Amino acid sequence: MSPSRALLALLVFPGLLYALPMGWLMLGLERKLRARFQGRRGPPLTQPFYDVVKLLAKTPVPRAAADARLLTALPLLAVGAMAGALALLPALAGGAGFTGDLILLVGLLELPPLCLILAGYASRSIFGEVGATREAVVSIACNAPFLAALLALATAGGTLRLQELAAATPWTVRAPALLAILLCLPVKLRLNPFSLSNAEQEILAGPLTELDGRWLALWELAHALEWVALTGLVAALGFPPSGASALLDGLRLGAVSLALVPPLTLLGAATGRLKLGQVTRWLWRWPTLAAVAAVVVAQLVRRP
Amino acid sequence: MLLRLVERARRRSAWLFHLNAGACNGCDIELVTCLSPRYDVEQLGIRLEGSPRHADVLCVTGPVTRATRPALELVHGQLPEPKVVVAIGSCPASGNVFAGSPMIEGPLDRIVPVDVYVPGCPPRPHAIIEGIARAIDLLATRRQAGGAR
């Protein structure tokens, strides 16, 4: 990937210029739909944007116990990692990406949860620590099927390059692997019934309880980008770019990503929160089953 | 232009923190009612937050008892600027039937600056929403630290 193309992917599409409005739209749609499902009118779609602007304009209360530099660096790292992950998505056909970018993508997708865990502990709050512990346990349990599914795709496609992998993997492997990733999606987005780490009304806001002003705004941004990156990954793997028209490929990525929001919201609105043991058990049963099936089929159909 | 955007954002995204300073639970029930489908204040961008650090509006119910005063002062200090304080019900405004009791440290404005009073025992959800809307007006135009007084 040439430097100019990489910069374009990072800043324009599928990077920040696309992902920021898309992330706010997704979060807005999620809140609106959840309200409609509960028989309310709900906030306007622009609500997440105004929330972030308001939070950025607040003056944080200085605290002695927590390290301000650490609390600033962690959300910045999370936002940066998510922007990088977005830039690696095989959104458009052509010469984008490089050999091994799947590994980089996995690393970048895993950074924000890790930062969240550290922020929870760094905030020196009991709610933050409980939330961070839960986040750690859930993300370990969730990553087993998630990584196994990606591994199956890479084995069957015979490559670690996302672009080729999205185009070449046979559907006998891709279907169970996508199913496993889809089942992991609400867990990674911390939606009900898997909203353990940010369990509102139970442990306040989990790792983010003690964060205010711009720190909270950056975390909201990271969460919005997380939505775009994870739904975008499913969209790019489920509907790989055809290469006929860049505009059409981009529109399709956006449309498929947006289409994932209503079912995820419905799941969140219709269910209550599970306990930690139930979540891990569920994760190690159903998504892992799908991922293992994908790995087995991938070994069978692998190119010599 | 940036200031106008911030003002607009503050008007559309007020997050509340609710503190019970010894209330009988009457006002608390009425406040939570505002979030129900019938009143649905979320359509104004209003959210009830669990952490005072996330909040813009501090809603206090109850006459401020001796036991709750330290918590009130702590929580008020944790709200980042700009912030507004809404006294919900007659208790934080005057002490109500508890006025004169040795266990009462209120009324609320003796301890923290109050911006809006919503009288009633308990006030109706409509009155609470109106009070919060007034508080949001104050919040949007507030330039620097400090209470209304």
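Every value quoted in this text rests on a predicted model; they were computed, and no experiment measured them. Proteins come first, then strands; the chains are lettered A, B, ... in the order of their sequence lines, and each starts at number 1.
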Is a salt bridge present between A/Asp51 and B/Arg12, judged by a nitrogen-to-oxygen distance below 4.0 Å?
no
Salt-bridge present (A/Arg40, B/Glu42; N to O < 4.0 Å):
yes
Need one label for [X]: side chain, backbone, both or neither, based on atoms under 4.5 Å from any heavy atom in chain B.
X: A/Ser125; result: neither
X: A/Phe127; result: neither
X: A/Leu56; result: neither
X: A/Glu210; result: both

I need the minimum non-hydrogen distance between A/Gln38 and B/Pro37, along with the two atoms involved.
O-CG, 3.6 Å
Residues B/Ala9 and A/Val53: closest non-hydrogen pair is CB-CG1, 3.7 Å
Got a donor-acceptor contact below 3.5 angstrom from the [X] side chain to the [Y] backbone?
X: B/His54; Y: A/Leu55; result: no
X: B/Asp40; Y: A/Arg41; result: yes
X: A/Lys58; Y: B/Leu79; result: no

Could you tell me whether the side chain of [Y] reaches within less than 4.5 Å of the side chain of [X], counting heavy atoms only?
X: A/Val61; Y: B/Gln78; value: no
X: B/Asp56; Y: A/Lys54; value: yes
X: A/Thr209; Y: B/Ser51; value: yes

I need the residue from A/Gly39, A/Gly42, A/Ala35, A/Ala57 with the largest number of non-hydrogen atom pairs under 4.5 Å to chain B.
A/Gly42
Crowded around B/Arg134 CZ? As in, over 12 foreign heavy atoms under 6.0 Å?
no
Neighbour count >12 (heavy atoms, 6.0 Å) for atom CZ, A/Arg214:
no
Give the interface residues of residues 16-33 of chain A toward chain B, defined by a heavy-atom separation under 4.5 Å.
A/Arg31
Rounded distance (nearest 0.5 Å) linking atom OG1 of A/Thr59 with atom NZ of B/Lys83:
10.0 Å
Between A/Tyr50 and the options B/Arg11, B/Arg10, B/Arg8, the side chain to side chain donor-acceptor pair (under 3.5 Å) test singles out B/Arg8
Taking every heavy-atom pair that is under 4.5 Å apart, which of B/Ala14, B/Ser36, B/Gly77, B/Gly50 has the most such pairs with chain A?
B/Gly50
What part of B/Leu48 gets closer than 4.5 Å to chain A, counting heavy atoms only: side chain, backbone, both or neither?
backbone
